[in-house]
Amino acid sequence: KEKAEITKEQQAFMKVIVDSYNRHQIPQDVTKKLLQEQYSAEENFILLTEMATSQVQVLVEFTKNIPGFLSLDHEDQIALLKGSAVEAMFLRSAQVLSTKMPNGHTEVLEERIRNSGISEEFMTPMFNFYKSIGKLHMVQEEQALLTAVTILTPDRPFVKDHPAVERLQEPMLEVLRKLCALHHPREPQYFARLLGRLTELRTLNHYHTEMLTSWRMNDQKFTPLLCEIWDVQ
Ligand SMILES: CC(C)NC(=O)n1c(-c2ccccc2)cc2c1CN(S(=O)(=O)c1cccs1)CC2
């Protein structure tokens, strides 16, 4: 019985992460811009650059609030951020798309993303991922914890102290497991399905690297922050 109950300290721990997750939303005006009048592919690209840049800023703030993160080795902190930035961006994108929007808005948003200079071959895996996340109907706490679990993945490139990262990720996974049981009582495999999405997310890293090189061809500009976090230029 006690295995299923979320303890008092787990509640407090989760509250810190969920509050931080909710506090660091992407400014609605940026998403609103994507929904306004017709844009050219170039303008859509610039809007996505703006959104992705602001999401990285939000990601850094959220990560700093993860209990214990700031006591990790500083170089490992950077390695975790850089290693998870693209996955966190796709996870956030999926969450934005799966949030209830006024009818028609999701389609417009999809249209803008499809017409932003991203080659067709990356659209399919990207939108498949968005759909597979949408089908899970995650509650906010699950979204926040899944993002924190993604950031605290010990086997990122250049991470030196794996055990220290595992020690932070484990309690997150434990709370996430209990949350899944609590919010999806009729789906005993829900937690496993959630973690399965993280595997799908990793494949998007590869597509993203390919996207970047294809963009480099027709000299699309990124912001200094995106270049820094993605190791481009
Ligand atoms: C919410 C934010 C984080 N999402 C976002 O910026 N999106 C979204 C997106 C998805 C659903 C709703 C709203 C937007 C689709 C794509 C991106 C960014 N990337 S990118 O970072 O590779 C990029 C390419 C060119 C410049 S930046 C490309 C694909």
Side-chain angles (χ1 to χ4, degrees), residues 21-36 39-63 81-136 138 140 143-144 146-147 150-151 197 200-233:
Y21 185 76
N22 292 337
R23 218 176 26 254
H24 299 121
Q25 293 283 2
I26 294 202
Q28 287 310 318
D29 57 324
V30 185
T31 358
K32 230 194 286 338
K33 266 178 159 176
L34 255 181
L35 292 167
Q36 266 148 26
Y39 287 112
S40 70
E42 289 70 27
E43 283 160 333
N44 285 338
F45 184 92
I46 290 162
L47 270 170
L48 289 181
T49 306
E50 200 180 312
M51 289 181 82
T53 303
S54 90
Q55 188 267 339
V56 170
Q57 289 156 344
V58 160
L59 174 73
V60 173
E61 285 318 303
F62 172 68
T63 305
L81 264 172
K82 290 179 76 156
S84 63
V86 171
E87 291 178 21
M89 185 272 291
F90 281 121
L91 198 49
R92 168 63 81 183
S93 300
Q95 287 154 3
V96 166
L97 271 186
S98 61
T99 321
K100 196 81 200 82
M101 274 189 267
N103 53 0
H105 278 198
T106 310
E107 290 69 24
V108 170
L109 203 45
E110 274 204 33
E111 177 44 40
R112 295 264 187 282
I113 296 154
R114 288 186 187 280
N115 173 32
S116 59
I118 298 173
S119 26
E120 203 38 49
E121 68 190 284
F122 307 125
M123 285 300 169
T124 314
M126 191 164 68
F127 278 98
N128 286 347
F129 177 72
Y130 295 155
K131 299 255 178 323
S132 70
I133 288 288
K135 270 190 240 136
L136 287 170
M138 273 193 265
Q140 213 147 51
Q143 291 183 10
L146 192 65
T147 305
T150 303
I151 295 161
R197 298 282 72 80
E200 188 181 355
L201 201 44
R202 287 199 181 215
T203 64
L204 292 179
N205 271 317
H206 158 77
Y207 283 114
H208 189 265
T209 311
E210 304 256 308
M211 269 197 233
L212 290 180
T213 34
S214 66
W215 279 317
R216 307 299 307 131
M217 304 317 183
N218 42 30
D219 73 351
Q220 301 277 17
K221 290 297 301 154
F222 293 111
T223 56
L225 182 58
L226 291 180
C227 292
E228 171 76 30
I229 202 113
W230 293 341
D231 273 338
V232 289
Q233 254 142 350

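One-based numbering, in listed order, for ligands and for the atoms of each.
- In this structure, the protein non-hydrogen atom closest to atom 15 (C) of ligand 1 is Tyr130 OH, 3.5 Å.
- For atom 5 (C) of ligand 1, the nearest non-hydrogen atom of the protein is Ser93 OG, 3.8 Å.
- Considering only heavy atoms from C-beta on, Leu97 comes within 4.5 Å of Thr106 through its side chain.
- The side chain of Leu97, and not its backbone, has at least one atom closer than 4.0 Å to an atom of ligand 1 (non-hydrogen atoms only; side chain from C-beta on).
- Using a 4.0 Å heavy-atom cutoff, Met126 is listed among the residues neighbouring ligand 1.
- Put simply, OG1 on Thr124 and OH on Tyr207 are 8.5 Å apart, with the number rounded to the nearest 0.5 Å.
- With rounding to the nearest 0.5 angstrom, the CD atom of Glu210 is 11.5 Å from the NE2 atom of His208.
- Side-chain contact check for Thr203 versus Phe129: every heavy-atom pair is 4.5 Å or farther apart.
- Counted by atom type alone, Glu43 and Ser40 present one or more donor-acceptor pairs between their side chains at under 3.5 Å.
- Scanning the protein heavy atoms around atom 18 (C) of ligand 1, the nearest turns out to be Met89 SD, 3.7 Å.
- Here the side chains of Ile133 and Leu91 are in contact, with some heavy-atom distance below 4.5 Å.
- Ligand 1 lies nowhere less than 4.0 angstrom from a heavy atom belonging to Phe127.
- Using bins of under 30°, 30° to 60° and over 60° for the plane-to-plane angle, the ring pair Phe222/Phe45 lands in the tilted bin.
- The nearest heavy-atom contact from the protein to atom 14 (C) of ligand 1 is Met51 CE, 3.8 Å.
- Considering backbone and side-chain atoms alike, Arg92 places every N or O at 3.5 Å or more from each N or O of ligand 1.
- Which parts of ligand 1 touch Ile118 is read off a 4.0 Å heavy-atom cut-off, strictly below it: atoms 28 (C), 29 (C).
- At a threshold of 4.0 Å, the pair Glu200-Arg197 counts as salt-bridged, since one of the basic side-chain nitrogens sits closer than that to a carboxylate oxygen.
- The NE2 atom of His105 sits 13.5 Å away from atom OG1 of Thr99, with the distance rounded to the nearest 0.5 Å.
- Protein heavy atom nearest atom 24 (C) of ligand 1, with residue, atom name and distance: Trp215 CH2, 3.2 Å.
- Short contacts between ligand 1 and Gln55, defined as distances under 4.0 Å to a heavy atom of the residue, involve ligand atoms 3 (C).
- Not one N or O of Thr49 is nearer than 3.5 Å to an N or O of ligand 1, by distance alone.
- Each of the atoms 25 (C), 26 (C) of ligand 1 lies under 4.0 Å from some heavy atom of Phe45.
- Ranking protein heavy atoms by distance to atom 22 (O) of ligand 1, first place goes to His208 NE2, 2.9 Å.
- Of all atoms in ligand 1, numbered sequentially from 1 with element shown, those under 4.0 Å from a heavy atom of Phe222 are 25 (C), 26 (C).
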**Request:** Begin from the C-alpha positions of Ile118 and Met126 and carry the test side-chain contact (heavy atoms from CB on, under 4.5 Å) through to its verdict.
**Result:** CA-CA 11 Å; Ile118 298 173; Met126 191 164 68; 4.3 Å; yes
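- Ring geometry, Tyr130 versus Phe90: the interplanar angle falls from 30° to 60°, so the pair is classed tilted.
- Near Ala52, with a cut-off below 4.0 Å to any heavy atom, the atoms of ligand 1 are 6 (O), 21 (O), 27 (S).
- Heavy atoms of Trp230 found under 4.0 angstrom from ligand 1 belong exclusively to the side chain.
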